[in-house]
Enquirer: 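Below you'll find the structure I mean.
So that the names make sense, note that chain A is the first sequence line, chain B the second, and so on, each numbered from 1.
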There are 2 protein chains.
Amino acid sequence: MSRKLLEQNGICPVATTIDLLSSKWKVLIVRDLLTGTKRYSELKQSVAGISQKMLTQSLREMESDGLVTRHAYAVIPPKVEYRLSDLGNSMRPVIETMANWGSVYLDQNPDKRKKLAQSE
Amino acid sequence: MSRKLLEQNGICPVATTIDLLSSKWKVLIVRDLLTGTKRYSELKQSVAGISQKMLTQSLREMESDGLVTRHAYAVIPPKVEYRLSDLGNSMRPVIETMANWGSVYLDQNPDKRKKLAQSE
DNA sequence: CAGGATCCGTAGCGATACTG
DNA sequence: CAGTATCGCTACGGATCCTG
């Protein structure tokens, strides 16, 4: 079903990108990994609001899509680090462009900034 | 719930952008409107695979978010045109960056291009 | 610490039928 | 043509409990 989009839209590059960044969580994970390697628990913190189920699931999918690499250390307590692959890193411009747009938008709509800042 | 992301992530610019481009459909609609005004039926065609429910719903939300403007003509049969607002147009770089990334990705992964081209 | 496995509610969405 | 309204499914995702 996640592939349907592409089937129907042929091979649109935009649709391709969306397909790999299918959920909002993945975008935020890439955002946070752009600054470097992060542990599972760190991501859990920085990607605020994500459940561990979604974090794990997203990371697994991103791994199999080649966006992220996983590095597990055989220590106790366990330590697992995630970092962007070259492919994942190549998404930097995409995320940055989104960040730029969002910044300008927030600057020009201080009202919404406020509304969103305080819960609902 | 669409706002939760922003509440919890403070006022992250990336999350802000995602919030307005919440669904894949909206991204594709912006993509198609970047080339100019389009009628409802044209969008239904170009955004392949979208149901009329989703198209209408997406357009309504984008309108209230200020991304799109609606122009209805009192003729029979009805004629309704949609175009990007200035805000919507300002998303051009975002979509283009995604398009660029997708192009490169497809070029470097001809296998996936094939896999996706033929259903499943 | 980094998860795997379940249970389960609900929002997202498609399909269908109807209208100005 | 460009919608609105309803019904009904399912899969997305949160909450919770358990483990090496």
Enquirer: Going by heavy atoms in the side chains, are A:D32 and A:E42 under 4.5 Å from each other?
Expert: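 Contact flag for A:D32/A:E42 side chains = no.
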Enquirer: Strictly below 4.0 Å: does B:R39 bring a side-chain N or O up to OP1 or OP2 of D:dA2?
Expert: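 Looking at the OP1 and OP2 atoms of D:dA2, one of them is under 4.0 Å from a side-chain N or O of B:R39.
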Enquirer: Looking at D:dG3, I'd like to know if its phosphate oxygens (OP1 or OP2) sit under 4.0 Å from a side-chain N or O belonging to B:R70.
Expert: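 Yes, such a contact exists.
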Enquirer: Does a side-chain N or O from B:Y82 land closer than 4.0 Å to OP1 or OP2 of D:dC1, or not?
Expert: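 For D:dC1, OP1/OP2 do not have a side-chain N/O of B:Y82 under 4.0 Å.
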Enquirer: I'd like to know if the side chain of B:T56 reaches the main chain of B:K53, judged simply by a donor and an acceptor atom lying under 3.5 Å from each other, with no hydrogens or angles considered.
Expert: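 Between the backbone of B:K53 and the side chain of B:T56 there is no qualifying donor-acceptor contact (under 3.5 Å).
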Enquirer: Report the residue (A:P77 or A:T56) whose heavy-atom-nearest nucleotide on DNA chain C is the more 5′ of the two.
Expert: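 Of the two residues, A:P77 wins.
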Enquirer: C:dC1 phosphate, OP1 or OP2: any side-chain N/O from A:S41 under 4.0 angstrom?
Expert: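 Negative; the distance criterion is not met.
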Enquirer: C:dC13, OP1 or OP2 - any side-chain N/O from B:S51 closer than 4.0 Å?
Expert: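 No.
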Enquirer: Counting distance only, does the side-chain N/O of B:S85 pair as donor-acceptor with the main-chain N or O of B:T69 below 3.5 Å?
Expert: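 Looks like no, no N/O pair under 3.5 Å.
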Enquirer: Is a donor-acceptor contact shorter than 3.5 angstrom present between the side chain of B:Q57 and the base of D:dT4?
Expert: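 In this structure, the two groups form no donor-acceptor pair.
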Enquirer: Find which nucleotide of DNA chain C each of A:R60 and A:K53 is nearest to by heavy atoms, and output the residue with the more 5' nucleotide.
Expert: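 Result: A:R60.
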Enquirer: For side-chain contact (heavy atoms from CB on, under 4.5 Å), just list the numbers for B:L55 and B:W25, CA-CA rounded to whole Å, side-chain angles, deciding distance to a tenth of an Å, and then say yes or no.
Expert: CA-CA 8 Å; B:L55 179 55; B:W25 297 124; over 6 Å; no
